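Since the structure is predicted, the reported quantities are computational estimates derived from the model, not experimental observations.
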Amino acid sequence: MAQTRSQSTLTAVDIAEPAAPRRRNRVNLFDLAYERLEDLIVNCELKPGRFLAIQDLQDISGFGRTPVHQAVSRLAADTLVIVRPRHGVQIAPIDLARERVLLRLRRDLERFVIRLATEKSGPSHRNQLLHLARALREHRETLTLSEFNTFDRRIDQLILAAAGEPFLEHTLRPLHTLFRRIGWIFHNRIASDQNFGATVDSHLAILDAIAGRQVDEAVAASDALMDFVDSMFDIMEREVDPSLLDCNLAPFVSPASTR
C-alpha cells in the first residue's frame, strides 16, 4: 500500500479492516438500532399503544435480532416500550397526567444540567454550541419538525457533554425522548397551522446563554422552554384525539372526532 495515503484515509481503512475489534461493531449496531427505534417512537410511526413482535421491529428497523433485543431492553428501561410476556412489545401509550408530572422532574434536572454546563463548558463545547446556534438561525424559517428534532437531539447531547456528568445522560435521555414525542403530536396534529418558532427561539436562548457563560440567563431560558412545554399540555388535554395517545382506543372514537 502506498505510503503517501493521508492519515484520514488510514483511519477509514484501518477501521474497516478485519483486525478491528468485533465488539465495537456490535456496540455500534446496538446504538444505531436504538436510535432508529427511538426515532420511530418519537414521530409516532410506531404508534403509542401498538403491539409488535421482535421480528416486526427487526423488519421495520432493518437491524438483526441481537441489536434489536438490546435496543428493546434499553427502551423498556426508559419506559418507552413495555415488554408483555406472550404478547410481544408494546409501544408505551402516552399518559398526559404522568408526563405532566415528569415535566416537573425534567424542569429541575434541566436547571441543574444547564447550570453545570454553563459553568464547566470549555472552549470546544462553546464553539460547538455557537455553531449549532448559527445553523439553527440560518434554517429557522424552513425547518421541518423532523429536522428540528435532529437539532434538538444534538443540542441535548452537547449540553450533557459540556456538563461532564455521565449519570445525567441516563436520567435525562428518556425524558427528552418522551417530550420530543409530545412535541411531535402537538405540532403535527394540534398546532399544525402554526410554526414552531417559539420552540426554536427558546433553544437559541439556551445555546446563547451557555456559550456566553451566563448562568442565570441560561437557567431562565430553560425555565421558559419548560413553561412552553407545560402550556402544550393544556391544549392537548382539551383537543387531542385519544387514539393518538393510545391506538387501542381507536375503535371507541367516533369518526367525526378523528383528524
Quiz item: Do Val229 and Thr199 come close enough that some side-chain heavy atom pair is under 4.5 Å?
Solution: no
Quiz prompt | Interatomic distance, Ile82 atom CD1 to Gln90 atom CD [nearest 0.5 angstrom] | solution = 4.5 Å
Quiz item: Got a sec, which pairs hit salt bridge (Lys or Arg N to Asp or Glu O under 4.0 Å) with one end in residues 115-134, sequence neighbours left out?
Solution: none
Practice problem: Carefully, step by step, assess Arg153 and Asp39 under the rule salt bridge (charged side-chain N to carboxylate O under 4.0 Å, His left out). | Solution: CA-CA 10 Å; Arg153 183 181 290 107; Asp39 279 339; 2.5 Å; yes
Practice problem: Check the hydrophobic clustering (I, L, V, M, F, W, Y; side-chain heavy atoms under 4.5 Å; chains of links allowed) and say if Leu207 and Phe112 are grouped together. | Solution: yes
Self-check item: Hydrophobic cluster identity match, Leu75 and Leu102, side-chain contacts under 4.5 Å
Solution: yes
Quiz item: Roughly how far apart are Leu96 CG and Leu245 CG, rounded to 0.5 Å?
Solution: 5.0 Å
Exercise. Sequence neighbours left out, what passes salt bridge (charged side-chain N to carboxylate O under 4.0 Å, His left out) with Arg36? Give chain and number order.
Key: none
Self-check item: Flag side-chain contact, heavy atom, 4.5 Å: Arg181 against Glu99
Solution: yes
Quiz item: For atom CZ of Arg104, is the number of surrounding heavy atoms from other residues, nucleotides or ligands below 6.0 Å larger than 12?
Solution: no
Self-check item: side chain to side chain contact (heavy atoms under 4.5 Å, CB included) partners of Asp95, counting only residues at least two apart
Solution: Ala97, Arg98
Quiz prompt | Heavy-atom check, side chain of Leu225 versus side chain of Ile206, under 4.5 Å | solution = yes
Quiz item: Nearest 0.5 Å, what's the CG-CD1 distance between Leu160 and Ile155?
Solution: 12.0 Å
Quiz item: Please, which pairs that meet ring pair (Phe, Tyr, Trp, His ring centres under 6.0 Å) have at least one residue in residues 118-154, sequence neighbours excluded?
Solution: Phe148-Phe196, Phe148-His203
Quiz item: Looking at residues at least two apart in the chain, or sitting in another chain, which of them share a salt bridge (charged side-chain N to carboxylate O under 4.0 Å, His left out) with Asp59?
Solution: none
Quiz item: Shared ILVMFWY cluster between Val240 and Val42, side chains joined below 4.5 angstrom?
Solution: no
Self-check item: Set of residues satisfying salt bridge (charged side-chain N to carboxylate O under 4.0 Å, His left out) with respect to Asp234, sequence neighbours excluded
Solution: Arg100
Quiz prompt | Residues which pass side chain to side chain contact (heavy atoms under 4.5 Å, CB included) with Arg65, listed by chain and number, not counting sequence neighbours | solution = Ile54, Gln58, His69
Self-check item: Residues forming a side chain to side chain contact (heavy atoms under 4.5 Å, CB included) with Ala218, sequence neighbours excluded
Solution: Ile114, Thr118, Ala209, Ile210
Quiz prompt | Residue pairs passing the side-chain hydrogen bond (donor to acceptor under 3.5 Å, both in side chains) test where at least one lies in residues 161-170, sequence neighbours excluded | solution = none
Practice problem: Return the set of residues passing salt bridge (charged side-chain N to carboxylate O under 4.0 Å, His left out) with Arg137 (not counting sequence neighbours), or none when no residue passes. | Solution: Asp208
Quiz item: Linking I/L/V/M/F/W/Y whenever any side-chain heavy atoms sit under 4.5 Å apart, do Phe51 and Ile94 land together?
Solution: no
Quiz item: Is a side-chain donor or acceptor of Asn149 paired with a backbone partner of Ser146 at a separation under 3.5 angstrom?
Solution: no
Quiz item: Under the salt bridge (Lys or Arg N to Asp or Glu O under 4.0 Å) rule, what pairs show up with a residue in residues 70-79, not counting sequence neighbours?
Solution: Asp31-Arg74, Asp78-Arg173
Exercise. May I ask you to test the Leu244-Pro48 pair for a side-chain heavy-atom distance under 4.5 Å?
Key: no
Quiz prompt | Note, Thr150 side chain near Arg154 side chain (heavy atom, < 4.5 Å) | solution = no
Self-check item: Sequence-distant partners of Ala76, side chain to side chain contact (heavy atoms under 4.5 Å, CB included), two or more places apart
Solution: Val81, Val83
Quiz item: Do you know which two heavy atoms are closest between Asn248 and Gly49, and how far apart they sit?
Solution: ND2-O, 2.8 Å
Quiz item: Less than 4.0 Å between a side-chain N and a carboxylate O, is that true for Asp223 and Arg111?
Solution: yes
Quiz item: Would you call Asp230 and Arg107 a salt bridge, using N to O less than 4.0 angstrom?
Solution: no
Quiz item: Out of curiosity, does Val215 fall in the hydrophobic cluster containing Leu129 (side-chain heavy atoms, cut-off under 4.5 Å, transitive links)?
Solution: no
Quiz item: Do we see a donor-acceptor contact under 3.5 Å between the side chains of Glu110 and Ser222?
Solution: no
Quiz prompt | OG-CE distance between Ser231 and Met236, expressed to the nearest 0.5 angstrom | solution = 11.5 Å
Practice problem: Would you name the heavy atoms of Leu37 and Ser61 that are closest together and state the gap between them? | Solution: CD2-CB, 4.0 Å
Quiz prompt | Exercise: identify the closest heavy-atom pair between Phe63 and Val68 | solution = O-CG2, 3.7 Å
Practice problem: For Thr171 and Phe167, work out which heavy atoms get closest and say how close. | Solution: OG1-O, 3.1 Å
Self-check item: Note, Arg189 side chain near Glu239 side chain (heavy atom, < 4.5 Å)
Solution: no
Practice problem: Write down the atom of Glu147, the atom of Thr142, and the distance for their closest heavy-atom approach. | Solution: OE1-O, 3.9 Å
Quiz prompt | Distance, nearest 0.5 Å, that separates CG of Leu46 from CG of Leu40 | solution = 4.5 Å
Exercise. Search all heavy atoms of Trp184 against all heavy atoms of Asn43 and return the closest pair with its distance.
Key: NE1-O, 3.1 Å
Quiz item: Does any non-hydrogen side-chain atom of Tyr34 lie less than 4.5 Å from one of Gln70?
Solution: no
Practice problem: With rounding to the nearest 0.5 Å, note down the distance linking CG in Leu145 to CZ in Arg180. | Solution: 10.5 Å
